[in-house]
Each structure stands twice: as structure tokens, then as C-alpha cells.
Protein chains: 2
Amino acid sequence: MTTDPPRPPPYLRIAAEIRDRVESGALRPGDRVPSTRAITQEWGVAMATATKALATLRQEGLVRAVPGVGTVVVERERVRSPRAPGDPMRGEPALSRRRIIGTAIELADSEGLGALSMRRVATALSTSTMALYRHVPGKAELVRLMSDAVSGEEPMGAVPADWRAGLEHAARWMWRANGRHPWLATAMASFTRPAPAPDAMAYTEWVLHALRRTGLSPFAMMHCHLTLFAYVQGLAVAADLESQARQDTGLSDEEWLARNEPQFGAIVAGGAYPLLNTLFTQDEFDLDLDTLFEFGLRLTLDGIAAMIDETSA
Amino acid sequence: MTTDPPRPPPYLRIAAEIRDRVESGALRPGDRVPSTRAITQEWGVAMATATKALATLRQEGLVRAVPGVGTVVVERERVRSPRAPGDPMRGEPALSRRRIIGTAIELADSEGLGALSMRRVATALSTSTMALYRHVPGKAELVRLMSDAVSGEEPMGAVPADWRAGLEHAARWMWRANGRHPWLATAMASFTRPAPAPDAMAYTEWVLHALRRTGLSPFAMMHCHLTLFAYVQGLAVAADLESQARQDTGLSDEEWLARNEPQFGAIVAGGAYPLLNTLFTQDEFDLDLDTLFEFGLRLTLDGIAAMIDETSA
DNA sequence: ACCTGAACACCGTTCAAGT
DNA sequence: ACCTGAACACCGTTCAAGT
């Protein structure tokens, strides 16, 4: 009795076929490769297999996930072009802390903090893993440096005279930073042990400055700041989980809901959740995190306003 | 020229010496082993080395970290005693989904979600890693099952007539759950893609019920719920990071601050952060997360109250 | 001075083989 | 039917060796 020759698993076969299309030029840099859904239909495989096939190609660096667009063939020219984010400036050494941080941010932006590894950063910089340790003490500190770096990307501007305008501005600024870098909320240091990070401290200083004429005590000012900050962080973590889920599964919110509807239906049909049921069946209801952000921002600021009124009364 | 015989790294030498004390009976089950700080003094090593030595012993299962107490020798009798959390009930199969979840929760409680691995859960249950996959599809789903399980630990009770009393109760209930299980906030599913988890849905239903007589629209009710939820989650993630930092470094908040004071001082001394400086030098100021929780809870509920007033006016 | 390769002690998960 | 062991493709980090 002879055994069959070992055949590669389906996900590797699919990855190989897509790789061929890229190498033959059928798919060119910047082009979208088949989505996970397209793969399930074209090859007749399960979603998990399709996801793994794309993950393999991402791992190879042949394609990358672009949030909101899909998975596209990497543009190799761009990676090598002068002054791409990870490239050295004139006169700068080939490898520097700045370049390492920049490359790590790019990686975390496009694939999430879970995909960030020292080995992958090193590969993207065409160097050995251990060379990185000459510039950063380890991964934990690299992540801290990353969050500090993105905190300095957009200037916060002048502090308005009106405290409410100030806090609104600061919260939206933070929300935008989290939008650009979904991993930021997860990477953020704890409140009670703020790493000595100048940019993070600048944010707190800015907010305290906005509150300085409210008549609140330093204690209340700091606690108002942290309440708003915790709210933004909590929402940002949720947004990160969502964008991560979208990338991992390749499903949009609607597709995901359609897929899970039977299970929700079964639970809700039990009659135990009448109010949730009302919301679900009322199908004008779909949740948008930006809308929710503004809703909760207003709520929190109204709460602070009530406290200020009380204090000054 | 002869080479020295290879010597074990210091952290292994220290771990071996502590192990000897346990095996000789000098340290008995339940006793505290030397803290990281004690190790740095007794052996004259750096904090990192001390931390690694304890991590090695934890890894072996010889000791475990008890939050607020220190690292103690495990009580082997207790682990084997009938009806310890991970043990089978009479008539229950040796390995079950229930037991796996229970053991995983114990592990995450005492060492954090980062220390949770399928291999370690299997070892704690005296089985092979792959036997777990007969009961749970993978690690991601195990974590989801864990968070659903702890959501059902404490009954929420009857919904009060007063919406504000209701929301306070719910928020504190959630905050307590996060206190028992610091990893909960990080593990929590995203808002827009709630996994079909009955217990998590029960929480939302409870809160919506508390708000049913406020005159708010279903949209506003759901958004009020999510605003408060995001706030609690954001604070809980910070609390988790803090308890994690306390365990990783073996430093209490005060010790940590003392250690980092020079760096903060250098940054603040630049004069760029006058308000922060005022807070830091005013040394009656120390941050307590439970105090902050109640402060922000009141603020958020005041904001919701303002919205309800407006709606009913 | 700077970088590399091999090694160590881990991961989650697949698969074929055992009882 | 249930469990195991080996293997694969990863991790972060240490250390000794290279240029």
C-alpha cells in the first residue's frame, strides 16, 4: 500500500496561486488581491482558510491590509524610495531609534499591535532582529516610544478661553489620534503610573490649563480630566477591537451581523431581552462610534458643567 | 587556555536557592517567598534579575503571585482537594469546558491575561495541551467564555424604580467584576460586535430597563448606556495595567514614584508644565482609582440627568 | 563599534498516531 | 471516543562570535 504524496494544506495552495498572479504581473502593486469572501467563493473554502491564505501573504510582506480598502499588493518601489517614513534622512545613520519607531508605527497601524514583533520590524528595515536592541531596550519600551511619538504628531494649538471649548478640542484631538492609530488606546500607559513621557504630559497640562478659570480645585480639575480621558480611552479600545475584528475576519459590520443573526435571534427569541429585541428589530438603529463619541462627549461635559455651576454658586 | 565551566545565569541561581528553601521545608505552603526588593538586597542583583527569578518559580508552578500580598508558595494540598475551583464535580467528566474555563480564570486572575496560555491551562489540569481543543475551539473563544462566565458570578438583583440608582448600581457592579478580574476589561468584546453572550446581553438589558421611564428615545437610552460603559471600561483597563505593572515590577505605587521622581523632576523642572508641577509638589495629592471611579460616575450621571431634564421639559 | 547567528524558553494550532 | 506527541510557524531576548 502506498501513501499519497503529501499535499500542501489548502490555505498554502491558495496563497501560492495568488502569489503567482502577483509574480506574473496579473496583479500589480497597489491592486487589491481577492478578499476573504471572494476567496471562499472562488476556491470553495471556509472563511478561516481564506483568512489564513491572506495572512500567509501578509506575513511574507507581499501584500498588506489597508483599512477600509482591503488587502493590496505592496508597492515595492515606494518602500525603497527616499524619505519613505522608515527611510533614513541625509546624514542619519542607517539604523536609528527614530527609524525603528517609525517602522513599528507603520506596522501597528496597518496590522495591529498583535502583529508587531521585533523580528518583523527588523525585516522591514532589512536588518537583523538583534540590531534593534542597540537602539531600544526591548519591545515594551518600543511600544511606549511609539505612543509618545504619535502624541506629538498633531499640535494641539492654543488653549481657548472657554473651558468647554477647550475640553471638546482636547477630546477630539485624542479621538483623532486614536483614529489614525487604533492601537494607541491599548498601548497607552496607566493613569497612575504615567511613564515620564513629555508628550503625554503635555496633553494633561493643556487640559488643566483649559480648566484653570473654572474655580474647580486642583483635585477636581485632575479628576475631570481623567474622567473624560477614561471615557475616550474606553471608546478607543472598543474601536480598536472592532477594526481588528474587521481585519481578522474580513467581514464588515453588516456582513458580521448577518452571519451572527441566527444566534442572536435564538437568544432574543427566548423573550428574556425585550428591550434589546426592540432595538434590534428597529432596523434604523446602527451604531456608529463617531456618533457615540460625540454623544458621550456632550454628556460628560454637561456633567462637568453641573459641577462647575455648583462650585461657583 | 581552559574555559570556565558554564555557570547558570544569576536569576536561575537565585530561583534554585529559593526552590531549595521550599523543598527543605524552610518555606512552607502559603509562606511568602522573598519579594523582588528583598532579592535585590539579599543577592545584590538588579530588579530585573529578581523579577526573572520569581517569574521562573511562578512558571514552574512552585509559587504564585497574590495581589496585595506578594509571591507565596503554592498550597499543593488545596489544589488537589475536592471542589477546588478547577476540580470536577461528582459525576462530571475529568475534563470539561466548565473546568477549563474555571482554571483559565484562576490563572488570569493571579497572573494576568498575558500569562494565560493553552499549555499552562493544560498543565494546571494535568492533561495535554491538545486535550483542551476537544472542549474549546481555541484560545480566543476561551477568553470570550471566561468573560461571559464572570459576568454571571454576581446576580445584579432587581432593577430599582429610580433610573439614577439603577445606573449607579450597574456601574458599580461592573466595576466590582473588574476588580475581581482585572483582565476583564481588556478581554471584553467590542461594542459594535457583541459576541452572542447571554450574560453580557443581560447587563445591557438591565440598564435599558433602568432607563425605560426616563422619556429618552431608544437611541438615547442605548447611547447613555454605552457612554457609561465606555467610561467604566476605560478606567478598568487602566486599573488592569496598573495591577499588571505592580506584579511585573514588584513595586508599589509609592516605590515606583520614588524611583521615577528624578526623571519627572527633570521634565517638570524645565518649567513647561507649571500646573502639573503644582499638583506634584502638593503632596496630599495621590490618585486612587476607586475615588476616581465614583467621581466620574457622578459626573456622567449628572450629564445624563441634564439630558433627561431637557427631554422631559 | 556595530551587527549577526545560534540558542533558549516560550507561544497557538494542525495532524497523524496511539489507546 | 478520547487523548497524546511531534511538528510547524511563530514569539522576546541572551550570549558569543564575527567584521
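Source: prediction; values computed, not measured. Below, each value reflects all heavy atoms present in this structure, side chains not excepted, and no hydrogens, waters or symmetry copies. Residue numbers begin at 1 in each chain, while the letters A, B, ... track the order of the sequences.
Atom NE2 in A:His135 sits about 11 Å away from atom P in C:dT4, given to the nearest Å. The interatomic distance linking B:Met118 (CE) with C:dG12 (P) rounds to 7 Å, in whole Å. Between the OH atom of B:Tyr133 and the P atom of C:dT14 there is a distance of 7 Å, rounded to whole Å. To the nearest angstrom, P of D:dC2 lies 11 Å from CG of B:Leu95. Counting to the nearest Å, the P atom of C:dG12 and the CD1 atom of B:Ile100 are 14 Å from each other. Remark: C1' of D:dC11 and CE of A:Met130 are 13 Å apart, rounded to the nearest angstrom. Summarising the geometry, the separation between CG on B:Leu116 and P on C:dC11 is reported as 10 Å, rounded to the nearest angstrom. D:dC3 atom C1' lies 14 Å from atom CG of B:Leu125, rounded to whole Å.
At the phosphate of D:dC11, OP1 or OP2 sits under 4.0 Å from a side-chain N or O atom of A:Ser117. Listed pair A:Thr127 / C:dT4 meets the phosphate criterion, a side-chain N or O lying under 4.0 Å from OP1 or OP2.
Between A:Arg134 and A:Arg119, the residue anchored nearer the 5' end of DNA chain D, judged by the nucleotide with its closest heavy atom, is A:Arg119.
Shown here, C:dT19 forms a base pair with D:dA1; the pair counts as Watson-Crick or G-U wobble because both key distances fall under 3.5 Å. The partner of C:dC10 is absent, by the rule that a Watson-Crick or G-U pair needs both atom distances under 3.5 Å.
Without hydrogens or angle criteria, A:Asn178 side chain to A:Ala236 main chain gives no donor-acceptor distance under 3.5 Å. At distances below 3.5 Å, not a single donor-acceptor pair connects side-chain atoms of A:His181 with backbone N or O atoms of A:Val150. Proximity of a side-chain donor or acceptor of B:Arg97 to a complementary backbone N or O of B:His135 within less than 3.5 Å is detected.
Here the rule is side-chain contact (heavy atoms from CB on, under 4.5 Å) with B:Leu107, and of B:Leu116, B:Leu113, B:Thr123 only B:Leu116 fits it.
Between C:dT4, D:dG12, C:dT13, one nucleotide has an atom nearer to the side chain of A:Ala131 than all others, and that is C:dT4.
Between the side chains of A:Asp109 and A:Trp183, a donor-acceptor pair is found at a separation under 3.5 Å.
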